[in-house]
Number of protein chains: 2
Amino acid sequence: MTSALSQELLDLRASIDNIDAVLVHILAERFRCTKAVGALKATARLPSTDPDREKEQVNRLRLLALSSGLDPDFAEKFLTVIIEEVIGHHETIAFNERNRA
Amino acid sequence: MTSALSQELLDLRASIDNIDAVLVHILAERFRCTKAVGALKATARLPSTDPDREKEQVNRLRLLALSSGLDPDFAEKFLTVIIEEVIGHHETIAFNERNRA
């Protein structure tokens, strides 16, 4: 690898590292919001999952992915990983709420 | 559900939808960077994977997750999903480069 190529690789990796820091912080903020949703749902004794809302989110993200040049299948896969985690949190919050009551 | 509770849920969902739009756009930008890395690696005939770099990325993200209140195991899972996709892209770029040469 020439030093020009090596420098280009290092520059791209620095951008990727910055983007990853953004991803971690925005995901942390997303889970702050979904934990608040979980607490609201637990108080109102609403179910942890909401298939209609999830379907809407998937459709919206696929459209956003198309417009930004991201593979829509990857966007859906990625959202599914997040939603599975959120449902787990909601179930824990609901369980704790029932045991507290 | 009272209307105050319902409004709080709608407000949180509006924030989640905005955050998801950020996630899609920042992921699209991350893949723009990794595709450029893939092209550089293909030109220099470098392997698609780099276990040392991946290990560094995981360790760094786990620390960032801890500092931002995100579950480090989730951060690692999430990065693994992205890296698997990136390696797939790199292999496609390398395959096309070999067939073009």
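In what follows, every chain begins at residue 1, and chains take the letters A, B, ... in the order their sequences are listed.
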Chain B contact via A:E85 - side chain, backbone, both or neither, heavy atoms under 4.5 Å
side chain

Does the pair A:D20 and B:L64 meet the rule for a side-chain contact (heavy atoms from CB on, under 4.5 Å), with working shown?
CA-CA 9 Å; A:D20 282 347; B:L64 279 173; 5.8 Å; no

Intermediate values then yes/no, salt bridge (charged side-chain N to carboxylate O under 4.0 Å, His left out), A:R30 and B:D17
CA-CA 9 Å; A:R30 194 187 193 284; B:D17 287 347; over 6 Å; no

How far apart are the closest heavy atoms of A:C33 and B:I16, and which atoms are they?
CB-CG1, 3.6 Å

Quick check on the hydrophobic clustering: are A:I87 and A:L27 connected, directly or via other members, by side-chain heavy-atom contacts under 4.5 Å?
yes

Is A:E8 close to chain B through its backbone or its side chain, or both, or neither, when contacts mean heavy atoms under 4.5 Å?
both

So what's closer than 4.5 Å to chain A heavy atoms on B:D73: side chain, backbone, both or neither?
neither

Any idea which of A:H25, A:R13, A:R60, A:E29 has the most non-hydrogen atom pairs under 4.5 angstrom with chain B?
A:R13

Heavy-atom pairs under 4.5 Å with chain B - which of A:I82, A:L23, A:V81 has more of them than the others?
A:L23

Using a cut-off of under 4.5 Å on heavy-atom pairs, state which of B:S15, B:S67, B:A36 scores highest against chain A.
B:A36

Between OG1 of B:T34 and CG of A:L12, what distance do you get to the nearest 0.5 Å?
9.0 Å

B:L79 reachable from A:F31 in the ILVMFWY side-chain graph, under 4.5 Å edges:
yes

When rounded to the nearest 0.5 angstrom, what is the spacing between CD in B:E84 and CZ in A:F74?
9.5 Å

Most heavy-atom pairs under 4.5 angstrom with chain A, which of B:T43, B:D11, B:I19?
B:I19

Measure distances from A:V22 to the heavy atoms of chain B and classify the residue's part below 4.5 Å as side chain, backbone, both or neither.
side chain

Rounded to the nearest 0.5 angstrom, the CG-CG distance for B:L40 and A:L9 is 6.0 Å

Kindly assign one of parallel, tilted or perpendicular to the pair A:F78 and B:F78, based on the angle between their ring planes and the thresholds 30° and 60°.
tilted

With clusters defined by side-chain heavy atoms of hydrophobic residues (ILVMFWY) lying less than 4.5 Å apart, directly or transitively, does A:L70 cluster with B:I83?
yes

Contact summary for B:V24 and A:L61, nearest pair of heavy atoms
CG2-CD2, 3.6 Å

For a quick test of reading the model, state the closest non-hydrogen atom pair linking B:A28 to A:S68 and the distance between them.
CB-O, 3.4 Å

Counting only heavy atoms not in B:R32, do more than 12 fall under 6.0 Å of its CZ?
no

